[in-house]
Amino acid sequence: MIENKRISILGATGSIGTQTIDVLQDAGAQAVALTTNRNVRLLEQQARALQPKLAVASDEAAAKALKTALADTDIRVESGTEGLLHAASLPEADMVVTAVVGMAGLLPTLAAIEAGHDIALANKETLVCAGGLVMQAAARKGVKILPVDSEHSAIFQCIQAAQGNRLHKIILTASGGPFFGKTQGELAGVTPAQALRHPNWSMGAKISVDSATMMNKGLELIEAMWLYDLPPEQIEVVVHRESIVHSLIEFADGAVLAQLGMPDMRLPIQYALTYPARLSCKTPRLDLAQVGNLSFYPPDGQAFPALRLARQAAGRKGGAGAVLNGANEAAVALFLEGEIGFLDIPRLVEQALDDIPDQAQPTLDDVLALDRAARQAVLRAKKL
């Protein structure tokens, strides 16, 4: 049960991390490690409340400040990638919540798997960039990878009723983000502030922009391909504005199962931590009569080409996911800094996919090299 679990939370100060701590505190579970990039003030508060063995700030200057802030405690403070890997592989942990943003989650996830820890996966980029390597490592070590994303948790929950029957299709739902219904021309002048206004979910800046471009759903498509061993042509995406149906599965006979609930991440987080048990959760209960209508639409591939690019990368498998993700992370960062426009994000990603040669069976070193090459390609193309 969750109250007996000892959990490392990578990315404890982000949206998923803070909600994970809410779940842990409600259930009485123990956090043995907490990490942040540079949010020292919040991590200090969390560490004082939870008393983990280890607190890590990836940023070196932040780690110095954190060490000073926690000097009156017995909590060990570490820094950098080494500290993050230590938090991921801490022997005292039973499970690791990987909630760091982006490619930075890959190495600690692999470290946690090698240490034999089950993974509550909230970092989709890990599977997008190196799905084959990660799933093979998990199988070799006998480690469970339990999805935290609401869509993949929904699929996982529906699969519990499959009784061994193979899925015919996965249907991922997408909110459509803040720009649903906009034409490509109307998106040309979108600002970062506008892109960050998600209609249903409270998320960090990077994932909010990914939702606005629909790249987030493309990344989830690739993640689903690896998690559930399905080719991309058996994974469909539909826009569902209400974010009540979190995803669906279809069987060979045409029967479709869906998981529904209010848009609150605490439920999928808790299910990943307590699986297979279900405990009471302090999330709002779904009232279908109050919700009224549930609507579904096909995605607009012309206004939002990112989904097409992700399908292209999914079909190629190999190292294409690392190129897609690295280019997207670099482009989103430039957009948030005001250096490129909203429509430049998919344009730069597509150019990187076209320019960087694919690798059919990349090693970890290959994946890291492709990620670097993609980021450099975006920075070069931005200057043109």
Side-chain angles (χ1 to χ4, degrees), residues 15-16 19 120-122 124 146-163 165-181 197-203 207-208 210-225 227-228 230 232-272 274-275 278 281-301 304 306-307 310-311:
S15 175
I16 296 296
Q19 291 177 88
L121 185 68
K124 60 180 67 67
L146 300 163
V148 167
D149 276 346
S150 61
E151 296 83 357
H152 296 94
S153 176
I155 296 162
F156 181 68
Q157 291 178 62
C158 289
I159 286 174
Q160 308 312 306
Q163 296 185 335
N165 288 291
R166 184 161 176 80
L167 307 187
H168 175 68
K169 183 167 67 174
I170 285 172
I171 304 170
L172 289 172
T173 55
S175 71
F179 306 131
F180 174 73
R197 295 183 197 135
H198 194 280
N200 299 334
W201 297 96
S202 175
M203 305 180 293
I207 191 173
S208 294
D210 282 350
S211 179
T213 63
M214 290 203 70
M215 180 61 82
N216 188 52
K217 207 52 50 179
L219 300 178
E220 288 176 2
L221 184 153
I222 299 174
E223 184 182 14
M225 177 181 74
L227 277 173
Y228 303 114
L230 281 183
E233 55 269 22
Q234 286 179 256
I235 305 172
E236 181 184 343
V237 173
V238 297
V239 176
H240 169 53
R241 295 295 285 163
E242 295 80 9
S243 296
I244 296 296
V245 178
H246 296 301
S247 277
L248 314 91
I249 63 173
E250 179 181 312
F251 296 107
D253 59 3
V256 176
L257 301 183
Q259 188 265 325
L260 286 71
M262 298 299 288
D264 190 313
M265 283 302 301
R266 287 174 296 175
L267 194 152
I269 290 168
Q270 179 170 296
Y271 190 63
T274 64
Y275 172 79
R278 287 187 180 273
C281 188
K282 292 181 180 179
T283 55
R285 297 301 173 115
L286 177 61
D287 184 336
L288 285 173
Q290 185 174 16
V291 171
N293 296 319
L294 299 176
S295 57
F296 302 90
Y297 307 90
D300 183 346
F304 302 95
L307 188 56
R311 280 199 178 277

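These numbers come from the heavy atoms of this one structure, side chains and all, not from hydrogens, waters or symmetry mates. Residues: numbered from 1 along the sequence shown.
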J.: Check step by step if side-chain contact (heavy atoms from CB on, under 4.5 Å) holds for Val245 and Ile171.
T.: CA-CA 10 Å; Val245 178; Ile171 304 170; over 6 Å; no
J.: With side chains defined as the heavy atoms from C-beta onward, is the minimum distance between Lys282 and Gln270 less than 4.5 Å?
T.: no
J.: Hey, does the side chain of Gln234 reach the backbone of His168 with a donor-acceptor pair shorter than 3.5 angstrom?
T.: yes
J.: If you take all heavy atoms of Pro263 and His246, which pair is closest and at what distance?
T.: CA-CE1, 4.2 Å
J.: If we only count heavy atoms from C-beta on, is the Leu221 to Pro232 side-chain gap below 4.5 Å?
T.: yes
J.: Of all the heavy-atom pairs spanning Gly218 and Ala310, show the shortest one and how long it is.
T.: CA-CB, 3.3 Å
J.: Kindly determine whether Ile155 and Leu172 satisfy side-chain contact (heavy atoms from CB on, under 4.5 Å), including the steps that lead there.
T.: CA-CA 8 Å; Ile155 296 162; Leu172 289 172; 3.6 Å; yes
J.: Measuring from atom CZ of Phe251 to atom CG of Leu167, what distance do you get when rounded to the nearest 0.5 angstrom?
T.: 6.0 Å
J.: Calculate, to the nearest 0.5 Å, the distance between atoms CG and CG belonging to Leu267 and Leu286 respectively.
T.: 11.0 Å
J.: Between Phe296 and His240, what is the ring plane arrangement, given parallel below 30°, perpendicular above 60°, and tilted in between?
T.: parallel
J.: Determine, stepwise, if the pair Leu121 / His152 fulfils side-chain contact (heavy atoms from CB on, under 4.5 Å).
T.: CA-CA 10 Å; Leu121 185 68; His152 296 94; over 6 Å; no
J.: Would you check if there is a donor-acceptor pair between the side chains of Glu242 and Ser295 at a distance under 3.5 Å?
T.: yes
J.: Would you say the side-chain atoms of Asp264 pair up with the backbone N or O of Arg266, donor to acceptor, closer than 3.5 Å?
T.: yes
J.: If you round to the nearest 0.5 Å, how far is CG of Leu307 from CG of Leu219?
T.: 10.0 Å
J.: Could you check if a side-chain atom of Asn165 sits within less than 4.5 angstrom of a side-chain atom of Asp253, using non-hydrogen atoms only?
T.: no
J.: Which heavy-atom pair separates Ser211 from Gly177 by the least distance, and what is that distance?
T.: OG-CA, 3.9 Å
J.: What closest approach, in Å, do Ser247 and Cys158 show between heavy atoms, and which atom pair accounts for it?
T.: O-SG, 4.5 Å
J.: Could you check if a side-chain atom of Leu248 sits within less than 4.5 angstrom of a side-chain atom of Lys169, using non-hydrogen atoms only?
T.: no
J.: How close do Val148 and Ser153 get, counting heavy atoms only, and between which atoms?
T.: O-CB, 4.4 Å
J.: So do the side chains of Met262 and Ile244 get within less than 4.5 Å of each other, counting heavy atoms only?
T.: yes
J.: Side-chain contact test, heavy atoms from C-beta onward, threshold under 4.5 Å: evaluate it for Val239 versus Lys217 and give yes or no.
T.: no
J.: Out of curiosity, Lys124 NZ to Leu227 CG, how far, rounded to the nearest 0.5 Å?
T.: 11.5 Å
J.: Do you know the tightest heavy-atom contact between Ala212 and Phe179?
T.: CB-CE1, 3.7 Å
J.: What's the spacing between Ile207 CD1 and Asp149 CG if we round to 0.5 Å?
T.: 6.0 Å
J.: Does Ile249 form a side-chain contact (heavy atoms from CB on, under 4.5 Å) with Tyr228? I'd like the steps, not just the answer.
T.: CA-CA 11 Å; Ile249 63 173; Tyr228 303 114; over 6 Å; no
J.: Give a yes or no on whether the backbone of Ile222 and the side-chain of Arg311 come within a donor-acceptor separation of less than 3.5 Å.
T.: no
J.: To the nearest 0.5 Å, tell me how far Ser150 OG sits from Gln259 CD.
T.: 8.0 Å
